[in-house]
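Structure, as structure tokens:
On a predicted model such as this, the values are computed, not experimentally measured, just so you know. Chain naming here is simple, since letters A, B, ... match the order of the sequence lines and numbering starts at 1 in each.
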Amino acid sequence: MIARLDSITYSYPRANSPALLDVTASIAEGAFVLLAGPSAGGKSTLLRVFNGLVPQFHGGTFSGMARVAGLDPARTPSRRMATIAGMVFQEPESQAIADTVEDEIAFGMEQQGVAPDAMRRRIDALLASMRVEHLRFRRLATLSGGERQRIAIASVVALEPRILLLDEPVSQLDPAGADATIETVARLHREQGITVFCAEHRLERLLPLADTVLQVNAGRVTSLMPREAAASIDASPAVARLGHRLGMVPVPLSVDEARQRLSGSGVPATLVCPLPAALPSPGDELLSLEGLSVAYGELLALRDVAFSLGEGEIVALVGPNGSGKSTLFRALAGLARPATGEIRFSGLAAPPAVPERTAFAGLVPQDPALAFYHETVRREVEATLRLRRLPRTAAAVSRWGLDGIAGQHPRDLSTGQQQRVAIAAMLAHEPRVWLLDEPTRGADPAAKAWLAARLHAHAAAGNAAIVATHDVEAAARFATRVIGLDEGRISFDLPVRAALGTGGPLPTQVARVVPGALLPEEVVAT
Amino acid sequence: MPAHAWLAWVLMVMAVALSTTNPLYLVVVLLCVLLVGLMAPRTGHAIASLRAMLVLGAGLFLLSVAIAAVNGGFGEHVLFTIPGPRVPGWLGGLQLGGPVTGEGLVAAAVRGLAIFCVLVAFAVFNGAVSPHRVLRLAPAALFHAGLVVTVGLALLPSSIEDLRRIREMRALRGGRAGLRDLPALVVPAIIGGLERAMRLAEAMEARGFAASSPPGAPARLAGLASVPLLLDAAWGWFYYEWARVLAPVAALLGVAALFAWARAAASRRHTTRLSREQVTGLDHAAIGLSLVVGITAIGSRATGWPGLGYNPFAGLQLPPFALDGALLALATAWPALRLTAVPAPGTLHPETLSSPGATPP
């Protein structure tokens, strides 16, 4: 066994309840372990037990016995533990120390006193095995998200640890970056026999790789086999839920497996019953763009973008990182000045000032919780109404389902709750058009369901929304239409069933198995 | 150009600019620094942009002149008088209001110009050499302290970026710029900066960076003793004629104590560096020149050669402009010659090009 935990209970300093409660688990060397569970359930804390950051860095109260590679991580110096268990954190940019890729990878080895020649040999081998030799002399600031995450992994693997700890490594990445990162991890696991612990919400890419799933919820840990987990946990991939719905035992873990199983004998035929449209068909035009282009110096971030948005529409805006999604939102909100083009709100030219524009088209940018200032959730939400000189009412908080936490400090909440408060605060003035920039990033299933419900209610009231997302499975639950952006241009603009369905540019997992369906709930066995 | 040479240059500029009170020499230094700035590489690692430093320098220059005006001053050329309260003598001669003289304003402008020169030089240095490269120059005993400072400096741009984003978010919520909104901008930015610092500290800890245990008690005592010894040496040399014999002895003892501490501190933990900067013979010569010019400029206060001083209170004469002083000021342009011989690589070097998915500006 590479790691053994026995009755671990841990509380952060000044916390009211333990983050981990009586955790017992044993992991064999070379295993690929997936940590699944809701936000704030204890996944990140559990990862930190394996390299001793909990309790050595965070303090708090720790009890029980832990053994990692024969050492007690709670007492072994972090310098030693770094060579046993390397950890990659959620945001690659928050862990970078040096300026260039080579210096970043060398940092840990420099701390361990590795000779320069040996360092160079290790860097050569590592970059070659991860197929990123071409990045060696690049500045970190010039890398894409996926490249930065792979370099972050390389910088901890350079210490040749026996365990790799990954805290939501793909939650910030677009599908291409996520695929490249997961492929890198899978190769390290396969070729070097490294034991991997990976905490993640989106399991569709990772579950087929896993040997064990640790379900972490409210500090308690349950060890499950991957197929057992796929059949039972909330975050199970859509294809597994489809299999479960069709009575497949065991449930499939990948699209290919589901296809094979459905084409085989003994599996019921399927019938697609599309969910009834909860939303009215598009009404009057609320927003329109004509020939919109935005440039940052020499770089043309948006090129001749044109579309319109009607009442009742929810548009999922998709495209790789850097394709212009955030720039489009910035232009709509008045934060970026278009080089050419026109924006109209309900047929009239959009006002120039940001506060007036966002009174009609409210923007929730990425990481909106950054701007939290007030001491309670209620005051944080009401601040927007005060700034806009609107009456403050109790409904401002209850409308968003935040009554239970209205008296709490926003910064004391879990990440998922903070995201909800931030969305409520940014949109408290009830603009007719919502512009949401990647609200599904790092969100657990409960948070995505909350968001889908809010969007449905907003559209049903005759309003509209544009939601930038990389998560097509989530988009299939709320979107009526999908617009694809690529290098600043609209690459497609299709109804949701054409875009995310079979043969579309971005089919969902279910659509790749059962033609005509988008979601597991739409498929019934006959 | 290696980081050693850049460091030597910026220290030389600082020594010359702060040693002279002659505005003509300061103008020469400023022009030299601007020339170097035009030719220096801009690697994009800068903590603050050249423009920001120019604005800050100009602001400090104006502040210096404004403070001189409010303080009132001495001199025969009274320009106007600002009414002000009588300040008690126990406040050490602080003055508010009173006659504003030409001499006072010129003296303040010279001070402001010297600060301006230093800030612009640091902006050029900052754009040309990343903090990480400077860190690699630190002696082993100071490596960890230097790393903490470097990481702190590296967080500065992201904190400024946070401030920009928070201001935008306030505008998105209907807020308008105003002094009343300042706490709502600054407080979240500070909290965000602290949270980011904590995340980075945790990541560094996870990668094996941990503060090494301090050296033994004798070494710590030696380190502690070096500070008063060196201060006493400087104090004695400059302020007490009778102590000039003892000052070099105190200085030697102080340096020896410091050396003993550094050796002990460096031996506590073995770290290595992946690479070291390549320093050519030309760079060694330039570093030597910087040292000579810097020491000469500092020494000019004590020796009187070359004459770098100018006293506007002695009748507001035109400042002198002698060849030796001008050459000393002109020496601050040496990186321009070096960069003419070997130009800095352009910012669009293939290795620095960004990936398609990189964050747009």
Side-chain angles (χ1 to χ4, degrees), chain A residues 51 53 57 77-79 82 87 89 94-95 97-99 102-103 106-108 110-116 119 137-139 141-147 155-156 159 174 177 296-297 299 301 320-322 327 333 335 354-355 358-359 363 365 368 370-373 383-384 387-388 425-426 429, chain B residues 43-45 130-133 136 143 147 150-151 154 158 162 165-176 181 183-185 187-189 191-192 195-196 199-210 212 269-276 351-361:
Chain A
N51 66 350
L53 286 176
F57 181 83
S78 60
R79 192 180 180 202
M87 182 156 183
F89 296 82
S94 73
Q95 54 197 301
I97 292 149
D99 305 313
E102 188 182 63
D103 287 344
F107 174 81
E110 288 178 333
Q111 301 309 303
Q112 299 293 336
V114 177
M119 274 193 239
F137 300 107
R138 285 267 294 275
R139 287 175 46 226
T142 67
L143 303 183
S144 67
E147 287 169 343
S155 64
V156 301
L159 290 176
D174 60 21
Y296 294 117
L299 176 74
N321 288 344
T327 301
L335 294 172
V354 175
T358 49
L363 169 61
L370 177 71
F372 281 155
Y373 171 62
T384 302
L387 287 168
R388 293 194 177 273
M426 299 297 291
H429 57 293
Chain B
T43 55
H45 303 292
S130 73
H132 200 75
R133 275 178 72 194
R136 286 174 181 278
F143 182 80
L147 182 60
T150 308
V151 165
S158 47
D162 277 356
R165 289 179 55 206
I166 293 165
R167 200 186 53 181
E168 282 186 359
M169 285 186 207
R170 294 283 292 176
L172 293 173
R173 293 169 74 176
R176 288 166 200 280
D181 274 354
L185 299 179
V187 171
I191 293 171
E195 286 174 348
R196 188 179 296 107
R199 285 200 296 271
L200 186 57
E202 189 185 20
M204 287 168 67
E205 184 93 356
R207 288 169 65 184
F209 174 86
S212 47
R269 185 163 176 184
H270 178 55
T271 55
T272 49
R273 320 275 165 86
L274 175 65
S275 56
R276 295 190 183 275
E351 286 171 358
T352 67
L353 290 176
S354 63
S355 300
T359 313

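- Of the two parts of B/L185, neither the backbone nor the side chain holds a non-hydrogen atom closer than 4.5 Å to a non-hydrogen atom of chain A.
- When each of B/S275, B/A189, B/P183 is scored by its heavy-atom pairs under 4.5 Å with chain A, the top score falls to B/P183.
- Proximity to chain B (any heavy atom under 4.5 Å) is shown, for A/L370, by both the backbone and the side chain.
- The two atoms that bring A/S78 and B/E205 nearest to each other are OG-OE2, 3.3 Å, heavy atoms only.
- Proximity to chain A (any heavy atom under 4.5 Å) is shown, for B/A201, by both the backbone and the side chain.
- Residues B/R207 and A/S155 share a closest heavy-atom pair of NH2-CB, 3.5 Å.
- Proximity to chain B is limited to the side chain of A/A106, based on heavy atoms less than 4.5 angstrom apart.
- Ranked by heavy-atom pairs under 4.5 Å with chain A, the list B/R170, B/R167, B/E168 is led by B/E168.
- Heavy-atom pairs under 4.5 Å with chain A were tallied for B/V187, B/L200, B/L172, B/I191; the largest tally goes to B/L172.
- Listed for the B/T272 side chain is a donor-acceptor partner under 3.5 Å among the backbone atoms of A/V114.
- The residue among B/G192, B/G174, B/A203, B/G175 with the most heavy atom pairs within less than 4.5 Å of chain A is B/G174.
- Across all their heavy atoms, A/T358 and B/A171 have their closest contact at OG1-O, 4.0 Å.
- Heavy atoms of A/L159 lying under 4.5 Å from chain B belong exclusively to its side chain.
- For A/F57, the part lying under 4.5 angstrom from a heavy atom of chain B is the side chain only.
- Here the closest non-hydrogen pair linking B/R173 and A/A383 is NH2-CB, 3.6 Å.
- Between B/G208 and A/Q111, the shortest heavy-atom distance links the atoms O-CB, 3.9 Å.
- For the pair A/M119 and B/R273, the tightest heavy-atom approach, listed with the atom from each and the gap, is CE-C, 4.0 Å.
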